[in-house]
K.L.:
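I have a structure here, written as structure tokens, and I will follow up with some questions on it.
Sequence lines set the chain letters: A, B, ... in the order given, protein chains first and strands last, and positions in each chain run from 1.
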There are 2 protein chains.
Amino acid sequence: MSTLGLKLRELREQAGFSLRKAAVAIDIDIAILSKMERGERKFSKELVLKLAELYKTNTDKLVIEYLSEKVLYELGEEEFGLEALKVAEKRLRYKKNNNHE
Amino acid sequence: MSTLGLKLRELREQAGFSLRKAAVAIDIDIAILSKMERGERKFSKELVLKLAELYKTNTDKLVIEYLSEKVLYELGEEEFGLEALKVAEKRLRYKKNNNHE
DNA sequence: GTATATTTGACACTATTAGTCAACACGAGA
DNA sequence: TCTCGTGTTGACTAATAGTGTCAAATATAC
């Protein structure tokens with residue numbers, strides 16, 4: 001199940017939006033938001049940002065959540081998922097330090 | 001540039017295969033293998049495994065490399081890439097410990 | 001009952017990715 | 001120079017995945 005979806009649903013309810021109103025506010029179909037909140041469809045980063053703004057909440061954590069879910073989705077049930085994450089992390093650190101473009 | 005591509009090119013040359021022969025052996029078009037080795041196209045896991053077998057080399061490291069590249073590709077130039085990786089890692093560990101399906 | 005909110009599935013549309021093929025460039029050696 | 005083996009490139013089509021739209025079904029409250 002999608003953690004990001006759950007969080008965004010909670011945030012929506014806390015902010016007092018119905019699914020319909022939230023969907024209208026960010027200009028998407030109600031069905032899509034419903035499915036996204038329940039993890040049946042993937043969020044786009046753009047929508048996550050729009051929703052964060054609508055609910056007046058901090059975007060960073062949500063973006064991190066969004067990205068990590070994307071990463072986990074890509075790894076699927078792979079046996080070496082953890083090892084791959086470690087390698088990716090190492091390479092990303094290296095890139096950050098040397099590739100200040 | 002693709003580390004996986006470079007590695008597989010080295011392995012191919014060490015194993016004494018021309019691009020053509022390797023491509024024929026795993027039943028793909030030469031152009032595809034050429035592009036994959038140079039990072040112009042993404043590898044599929046299936047092809048990585050076939051090539052590892054052809055070159056008689058250990059598959060695990062190559063699979064890990066393959067997965068980490070996939071992950072890094074998904075993260076792109078995201079500001080919070082590292083943070084996302086850490087969250088993903090934490091969640092994956094949790095899943096491994098509790099979700100022995 | 002009506003009204004509002006959400007879920008579900010079917011469908012079409014678009015974008016992305018994968019596969020095919022032919023032309024091209026290059027160097028080695030006859 | 002000719003040609004053979006090697007690798008690169010681009011154009012094109014096919015297959016696949018992702019998105020958006022809509023209406024019907026379901027649920028919840030009044």
Side-chain angles (χ1 to χ4, degrees), chain A residues 1-52 54-55 62-63 65-78, chain B residues 1-52 54-55 62-63 65-78:
Chain A
M1 190 183 303
S2 158
T3 307
L4 180 61
L6 287 178
K7 278 191 185 171
L8 282 169
R9 170 151 291 191
E10 277 174 26
L11 284 169
R12 174 170 63 77
E13 287 165 351
Q14 281 166 21
F17 284 96
S18 73
L19 202 51
R20 183 182 310 279
K21 282 180 184 169
V24 168
I26 63 170
D27 194 37
I28 57 167
D29 193 275
I30 310 150
I32 295 178
L33 186 55
S34 170
K35 285 169 187 167
M36 283 177 170
E37 284 187 349
R38 284 170 302 111
E40 201 182 308
R41 286 214 186 172
K42 282 183 268 181
F43 279 97
S44 71
K45 190 189 169 191
E46 194 197 353
L47 287 187
V48 172
L49 292 175
K50 280 187 183 175
L51 289 173
L54 183 63
Y55 305 150
L62 288 177
V63 168
E65 198 75 43
Y66 159 73
L67 290 172
S68 78
E69 234 159 68
K70 208 169 148 191
V71 163
L72 287 175
Y73 175 82
E74 287 299 320
L75 288 181
E77 300 295 327
E78 281 291 342
Chain B
M1 191 184 301
S2 158
T3 307
L4 181 61
L6 287 177
K7 278 192 184 170
L8 282 169
R9 170 151 291 191
E10 278 174 25
L11 284 169
R12 173 170 64 77
E13 286 166 351
Q14 281 167 22
F17 284 96
S18 73
L19 203 51
R20 181 168 274 103
K21 282 181 184 169
V24 167
I26 63 169
D27 193 38
I28 58 167
D29 194 275
I30 309 149
I32 295 177
L33 186 54
S34 169
K35 285 169 186 165
M36 283 177 170
E37 284 187 349
R38 284 172 300 109
E40 200 182 309
R41 286 216 185 170
K42 282 182 268 179
F43 280 98
S44 70
K45 190 191 169 189
E46 194 198 353
L47 288 186
V48 171
L49 291 176
K50 281 187 182 175
L51 289 173
L54 183 64
Y55 305 151
L62 287 177
V63 168
E65 199 74 44
Y66 159 72
L67 289 173
S68 79
E69 234 158 68
K70 207 170 148 190
V71 163
L72 287 174
Y73 175 82
E74 287 299 320
L75 288 180
E77 299 295 326
E78 281 289 343

K.L.:
Does the side chain of A:L49 come within less than 4.5 Å of A:E46's, by heavy atoms?
P.N.:
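A side-chain contact is absent here, since even the closest heavy-atom pair is not under 4.5 Å.
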
K.L.:
Using atom NZ of A:K45 as one end and atom P of D:dT19 as the other, report the distance to the nearest whole Å.
P.N.:
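It is 15 Å, rounded to the nearest whole Å.
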
K.L.:
Roughly how many Å is it from CG in B:D29 to C1' in C:dA22, rounded to a whole number?
P.N.:
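Interatomic distance, CG of B:D29 to C1' of C:dA22: 10 Å.
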
K.L.:
Rounded to whole Å, please give me the gap between CD in B:E40 and P in D:dT9.
P.N.:
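So the two atoms are 6 Å apart, to the nearest Å.
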
K.L.:
Between B:K42 and B:I28, who's closer to the 5' end of DNA chain C by nearest nucleotide?
P.N.:
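Going by which nucleotide is closer to the 5' end, it is B:K42.
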
K.L.:
Send over the distance from B:L33 CG to D:dT6 C1', rounded to a whole Å.
P.N.:
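It works out to 13 Å between those atoms.
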
K.L.:
With DNA chain D as reference, determine whether B:R41 or B:S34 sits nearer its 5' end, using the nearest nucleotide of each.
P.N.:
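Nearest nucleotide further toward 5': that of B:S34.
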
K.L.:
Quickly work out the A:F17 CZ to C:dA5 P distance and round it to whole Å.
P.N.:
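After rounding, the reported distance stands at 13 Å.
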
K.L.:
When rounded to the nearest 0.5 angstrom, what is the spacing between CD1 in B:I30 and CG in B:L33?
P.N.:
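So the gap between those two atoms works out to 9.0 Å.
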
K.L.:
Is the base of D:dG10 touched by the side chain of B:K35 through a donor-acceptor pair closer than 3.5 angstrom?
P.N.:
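It does, because a donor-acceptor pair links the side chain of B:K35 to the base of D:dG10 below 3.5 Å.
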
K.L.:
Which of these, A:L19, A:L54, A:L51, sits in a side chain to side chain contact (heavy atoms under 4.5 Å, CB included) with A:R12?
P.N.:
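Of all the options given, the one that passes is A:L19.
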
K.L.:
Take the protein atom CZ of B:R12 and the nucleotide atom C1' of D:dT8, then report the distance between them rounded to whole Å.
P.N.:
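These atoms are roughly 12 Å apart.
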
K.L.:
Taking only the side-chain heavy atoms of A:R20 (C-beta and beyond), determine which of C:dA5, C:dT8, D:dG20 contains the nearest atom.
P.N.:
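Shortest atom-to-atom distance from the side chain points to C:dA5.
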
K.L.:
Rounded off to whole Å, could you give me the CD-to-C1' distance for the A:E13 and C:dA5 pair?
P.N.:
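About 11 Å, once rounded to whole Å.
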
K.L.:
Among D:dT8, C:dA5, C:dT8, which nucleotide sits nearest the side chain of A:S18?
P.N.:
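The answer is C:dA5.
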
K.L.:
Which residue, A:F43 or B:E37, contacts DNA chain D at a nucleotide closer to its 5' end, judged by nearest heavy atom?
P.N.:
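Counting from the 5' end, the first nearest nucleotide belongs to B:E37.
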
K.L.:
Out of curiosity, A:L67 CG to B:E78 CD, how far, rounded to the nearest 0.5 Å?
P.N.:
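Those atoms lie 4.5 Å apart.
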
K.L.:
For C:dT6 and A:R38 - does any side-chain N or O of the residue sit under 4.0 Å from the phosphate oxygens OP1/OP2?
P.N.:
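For A:R38, the contact criterion (side-chain N or O under 4.0 Å from OP1 or OP2 of C:dT6) is not met.
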
K.L.:
Between C:dA22 atom P and B:I30 atom CD1, what is the distance in whole Å?
P.N.:
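Checked: the CD1 to P distance equals 12 Å.
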
K.L.:
Taking atom CZ of B:R9 and atom OG of B:S34, what is their separation to the nearest 0.5 Å?
P.N.:
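Those atoms lie 6.0 Å apart.
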
